[in-house]
Amino acid sequence: MSWVTRYLVAQDGLSEFVGRAVSWLTLGMISVLMLEIIARYFLNSPTIWAHETSTMLYGAFCMLAGAYTLRHRGHVRSEVIYGLMGPRGKAFCDTIIFTLGLVVLGVFFKMAVEFAADSWAVREYSNKSIWQPAIYPIKTVIPVAVGLVILQNIAELLRAVLVLFGVDFVDPRDGEDETDIDPELLEAANK
């Protein structure tokens with residue numbers, strides 16, 4: 001197995017692991033919201049912490065799912081033009097997009113690290129409720145999530161560049177069906 005394939009397997013595996021692990025946060029969110037519903041409407045004793053807890057869990061879930069979504073090619077793109085292109089045309093577009101994405105994500109990562117560091121420096125607490133939970137730990141999720149997306153972005157950029165220049169490599173995603181999102185594309189490809 002070449003170093004490229006080993007790298008892609010490792011990176012895709014990391015994004016897959018984090019995405020599947022983070023998906024369990026939805027059960028935490030549902031549990032917190034169900035507890036709040038029961039406490040509020042059946043026991044007439046609303047909680048002071050459930051809303052903020054569910055908001056923080058949802059925020060962490062959404063941010064940390066970015067690399068998983070990118071790994072599964074689930075982010076939005078215009079299929080009208082992209083779908084008509086051949087593999088090298090798609091690779092050309094992907095190279096441009098993932099290069100620009102890397103620049104934007106790099107700037108965002110720097111800002112996210114500063115944002116989280118400032119929050120840790122003052123031990124920031126929420127002022128949205130009487131509960132006033134610490135929010136510096138949840139703000140730490142932002143640079144972690146951006147870092148994970150950067151790593152997956154690099155893997156996608158590497159794939160695109162290799163295809164663009166006709167370099168032969170084994171892509172661990174070759175067995176996966178990109179058209180899971182749109183069954184009409186699968187039907188059109190089989191004609």
For residues 100-111, run the donor-acceptor check on the side chains, cut-off 3.5 Å, and write out each pair with its distance to 0.1 Å, sequence neighbours left out.
from   : atom 1 : to     : atom 2 : distance (Å)
Lys110 : NZ     : Glu114 : OE2    : 2.5

Smallest separation among heavy atoms of Ala116 and Pro143, with atom names: CB-CG, 4.0 Å

Value rounded to 0.5 Å, distance of CD in Glu52 from NZ in Lys128: 8.0 Å

Polar side-chain atom of Trp120 near backbone of Tyr136 as donor-acceptor pair, under 3.5 Å: yes

Spacing of Phe98 atom CZ and Glu156 atom CD [to the nearest 0.5 Å]: 5.0 Å

Residues Gln152 and Ser15: side-chain donor-acceptor under 3.5 angstrom: yes

Within one Ile-Leu-Val-Met-Phe-Trp-Tyr cluster: Val146 and Ile97, side-chain cutoff 4.5 Å: no

Connected via hydrophobic side-chain network under 4.5 Å: Val149 and Leu8: yes

Sidechain N-carboxylate O distance under 4.0 Å for Arg88, Asp94: no

Reported CZ-to-CG distance for the pair Phe17 and Leu148, which is rounded to 0.5 angstrom: 11.0 Å

Residues Arg71, Glu16: salt bridge by 4.0 Å N-O rule: yes

Nearest-0.5 Å distance that lies between atom OG in Ser45 and atom CZ in Arg40: 10.0 Å

Atom pair CG (Leu64) and CD1 (Ile142), whose distance is rounded to the nearest 0.5 Å: 10.0 Å

For Tyr58, all residues meeting ring-ring contact (aromatic ring centres under 6.0 Å, His included), sequence neighbours excluded: none

Co-membership, hydrophobic cluster, residues Tyr7 and Val167, 4.5 Å side-chain: yes

Please report, to 0.1 Å, the donor-acceptor pairs under 3.5 Å made by any side chain of residues 23-33, with sequence neighbours excluded.
from  : atom 1 : to    : atom 2 : distance (Å)
Ser23 : OG     : Arg20 : O      : 2.5
Thr26 : OG1    : Ser23 : O      : 2.7
Ser31 : OG     : Leu27 : O      : 2.8

